[in-house]
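Some notes on the structure that comes next.
All values below were derived from every heavy atom in this structure, side-chain atoms included, with hydrogens, water molecules and symmetry-related copies excluded. To find a chain, count down the sequence lines: A is the first, B the second, and so on, and within it residues start at 1.
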Amino acid sequence: SISERFQGIFKDIRGMGKITDKNIQEPLREVRKALLEADVNYKVVKKFMASVKEKSLGEKVLTSITPGQKIVKIIYDEMVSLMDQEKGEIDIKSGFSSLMLVGLQGSGKTTTAGKLSSYFKKNDLSTMLVAADTKRLAARQQLKTIADQVGSDFFTIEDEVNPVLIINAAKETAQKKGIRRLIVDTAGRLHVENELMEELASIQKNLIPDEVLFVADATTGQDAVNICKEFNSFLTLSGIILTKMDGDARGGAAMSIAYTTGKTIKFVGIGEKLGDFEPFYPDRMASRILG
Amino acid sequence: ILPTSTDWEENLEQIEEALIESDLGVDLSMNVLEKLRSQLNLLKEINNDDVFNKMGNILKKHLLNSSRELKEKDSLVVVIFIGINGTGKTTTLAKTALNLLNSNKKVMLAACDTFRAAAIEQISLWGEKLNVNVIKGNYGSDAASIAFDAIDSAKAKNMDYLLIDTAGRLHNSKELMEELKKIIRICNNKIPVDNLEKLFILDGTTGQNGFHQAKAFSESVGINGIVVTKLDGTAKGGIVIAIEDQLQIPVKYIGVGEEMEDLIPFNPDYFIDAMLK
Ligand SMILES: Nc1nc2c(ncn2[C@@H]2O[C@H](COP(=O)(O)OP(=O)(O)OP(=O)(O)O)[C@@H](O)[C@H]2O)c(=O)[nH]1
Ligand SMILES: Nc1nc2c(ncn2[C@@H]2O[C@H](COP(=O)(O)OP(=O)(O)OP(=O)(O)O)[C@@H](O)[C@H]2O)c(=O)[nH]1
Ligand SMILES: [Mg+2]
Ligand SMILES: [Mg+2]
């Protein structure tokens with residue numbers, strides 16, 4: 001682990017009592033390598049390390065710990081605070097609220113829609129799942145199957161290609177029925193497909209959802225910055241959901257996305273079943289990324 | 001990547017940045033950069049074309065020289081699509097079917113994802129679009145037994161290719177990797193081992209974990225080839241260079257869109273050029 005590696009590097013500057021420009025070089029290089037290997041974006045790592053260096057220089061080191069341990073602690077704390085944005089709870093109190101899920105193809109939006117629905121149900125909130133992916137083969141059937149598994153309401157318009165029309169009708173129906181949570185699943189799309197990104201923007205403009213959740217795959221590499229930058233510019237994201245965290249990806253994308261968007265990661269997906277869903281813990285994520 | 005400075009250390013840092021941002025990985029990027037540095041040190045004068053060409057040649061040396069064709073035999077070839085959840089297996093299977101049909105091959109599909117919601121409906125719709133038969137069973141039924149029946153049916157109907165769709169799975173799920181081994185065992189019992197093409201489908205946006213995925217699938221069931229999907233985005237897919245270099249598995253095709261036509265043969269030269277842009 002990083003901490004163990006640092007014991008070695010700092011054996012020779014133990015008892016020096018202060019972090020200096022000279023003794024900080026090696027540990028910063030080591031951590032930089034660890035972050036890049038964990039898929040944190042290159043530019044994010046560069047800026048992050050620069051600010052860590054600034055914070056660490058001149059810091060006094062107690063003789064009970066090594067400077068290496070002190071630096072790693074500073075880095076860990078900085079990572080935790082970076083990913084620990086303002087409290088990002090998903091509202092389980094208000095009468096009615098709507099949520100829309102967006103992201104790249106295959107990131108886990110449809111499955112996550114089901115998990116959110118199940119989460120609301122556990123909190124005694126009736127939900128409606130809206131199938132607004134009018135492109136992918138059997139997308140409506142996929143969400144319908146999931147809705148039946150959860151026991152939630154389901155809405156779509158079979159031959160309608162315009163998601164805005166489906167969503168408008170869904171909202172009207174949900175409010176008439178007194179349903180408390182409207183969850184809109186959208187088609188996966190590339191951040192560079194302008195027309196499709198505009199379509200999402202117009203969905204947001206129409207629905208005015210309380211949550212616009214960017215669903216991202218934890219295995220995403222360097223491209224995470226490009227992707228979330230575009231989604232964050234076409235839309236007003238309210239939060240992030242990181243999926244496939246049950247894999248063994250280090251998940252550096254979490255740090256890249258938090259750094260780039262400033263938005264909170266609210267939940268993580270930890271499996272394919274409806275219950276495989278838990279709150280995001282920045283401290284656990286920081287340890288996982290550092291390795 | 002065009003060096004912008006007259007200070008070569010600064011240029012090399014920019015090149016390192018571009019390589020790492022392509023998901024090439026730290027170790028390979030440093031290795032490649034060292035080779036470039038020592039080649040440039042031998043030059044009296046360095047111009048941008050030199051750097052571009054040298055960089056390209058160094059990277060190409062890390063790619064394989066092997067065949068990138070799908071297996072072709074006189075008897076049934078089974079192509080099985082495997083990989084992590086959501087990477088594009090089902091879509092890539094449909095694209096592969098179209099390619100084969102366009103080469104006048106007789107093709108049949110098998111719906112061996114019996115788990116995920118609407119997986120069977122999804123591949124059935126592809127079958128309709130392609131006008132090919134899809135062998136399927138009930139949700140929850142044993143994937144290996146569907147494969148068994150599908151191979152019998154494909155042989156009986158004199159098919160050239162049977163394409164098998166499998167459920168997405170994480171390589172660190174012991175149970176799911178055991179299920180995959182069982183499917184492969186069944187296939188190997190029914191056709192010559194050399195007639196089975198195991199295609200690993202890798203999402204082009206994946207970072208370093210892509211290497212670990214390929215390694216795990218390779219150690220578990222063996223992989224004959226890789227298809228990298230979603231390269232129509234901005235990800236460069238650099239992790240495949242590490243995969244080819246260290247695991248010796250060739251990338252055969254790349255996915256560049258969601259339609260059935262969006263599958264093209266992997267071209268190392270184009271790939272490296274796109275990476276260095
Ligand atoms: N292991 C694991 N698999 C997941 C997780 N979330 C989703 N999946 C799987 O990932 C695959 C893709 O999930 P989908 O929900 O279809 O993804 P999507 O974003 O809706 O895909 P598109 O609509 O095509 O863009 C499926 O096999 C899911 O079961 C997770 O947290 N862990
Ligand atoms: N842009 C783009 N999208 C792709 C490509 N290949 C697949 N997709 C999309 O990625 C999403 C997932 O594709 P699937 O074929 O369902 O993936 P899968 O691996 O079978 O998913 P699971 O069976 O759930 O594990 C779909 O929305 C596809 O349209 C590609 O090359 N480019
Ligand atoms: Mg979906
Ligand atoms: Mg599939």
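- Contact of the Glu17(B) side chain with the Lys43(A) side chain is registered, since non-hydrogen atoms from C-beta on lie closer than 4.5 Å.
- Between Asp39(A) atom CG and Ile20(B) atom CD1 the span is 11.5 Å, to the nearest 0.5 Å.
- Atoms CG and CG, on Asp246(A) and Leu170(B) in that order, are 5.0 Å from each other to the nearest 0.5 Å.
- Considering all non-hydrogen atoms of both residues, Ala117(B) and Ile146(A) come closest at CB-CG1, 4.2 Å.
- Annotation: Lys229(A), atom NZ; neighbour count of heavy atoms from other residues, nucleotides and ligands within 6.0 Å does not exceed 12.
- Smallest separation of non-hydrogen atoms from Gly168(B) and Glu272(A): O-OE2, 3.9 Å.
- Contacts of Leu143(A) with chain B are absent, with no heavy-atom separation under 4.5 Å from either backbone or side chain.
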| said: Is there a side-chain contact (heavy atoms from CB on, under 4.5 Å) between Gln122(B) and Arg136(A)? Walk through the geometry before answering. | reply: CA-CA 9 Å; Gln122(B) 184 184 9; Arg136(A) 170 175 160 145; 3.5 Å; yes

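- Atom NZ of Lys35(B) sits in a crowded spot, with more than 12 heavy atoms from other residues, nucleotides or ligands closer than 6.0 Å.
- Atoms CD and CG, from Gln141(A) and Leu125(B) in turn, are 9.5 Å apart once rounded to the nearest 0.5 Å.
- For Thr219(A), the side-chain contact (heavy atoms from CB on, under 4.5 Å) partners are Asp217(A), Ala249(A), Thr206(B), Asn209(B), Gln213(B), not counting sequence neighbours.
- Within residues 128-139 of chain B, the residues approaching chain A closer than 4.5 Å by heavy atoms are, in numerical order, Lys129(B).
- Note that CG of Leu137(A) and OG1 of Thr90(B) are 10.0 Å apart. Values are rounded to the nearest 0.5 Å.
- Among residues 227-242 of chain B, the residues having any heavy atom closer than 4.5 Å to a heavy atom of chain A are, in sequence order, Lys230(B), Asp232(B), Gly233(B), Thr234(B), Ala235(B).
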| So Arg116(B) and Gln142(A), side-chain contact (heavy atoms from CB on, under 4.5 Å) or not? Walk me through it. | CA-CA 8 Å; Arg116(B) 203 210 69 212; Gln142(A) 185 184 4; 3.6 Å; yes

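- Residue Asn85(B) touches chain A through both its backbone and its side chain, counting heavy-atom pairs closer than 4.5 Å.
- Atoms CG and CG, from Leu36(A) and Leu24(B) in turn, are 12.0 Å apart once rounded to the nearest 0.5 Å.
- Proximity of Asp27(B) to Lys33(A): side-chain heavy atoms (C-beta onward) are separated by under 4.5 Å at one or more points.
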Using distance only, find each side-chain donor-acceptor pair of residues 149-159 of chain A under 3.5 Å and give its atom names and separation, not counting sequence neighbours.
residue   : atom : partner   : partner atom : Å
Asp153(A) : OD2  : Lys177(A) : NZ           : 2.8
Thr156(A) : OG1  : Ala131(A) : O            : 2.9
Thr156(A) : OG1  : Arg140(A) : NE           : 3.0

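- Residue contact with chain B, scored on non-hydrogen atoms closer than 4.5 Å, is absent for Arg189(A).
- When all heavy atoms are compared, the tightest approach of Ala138(A) to Ala118(B) is O-CB, 3.7 Å.
- Checked for salt-bridge contact, Lys46(A) and Glu13(B) meet the test: a charged N lies under 4.0 Å from a carboxylate O.
- Looking only at side-chain heavy atoms (C-beta outward), Asp248(A) and His171(B) come within less than 4.5 Å of each other.
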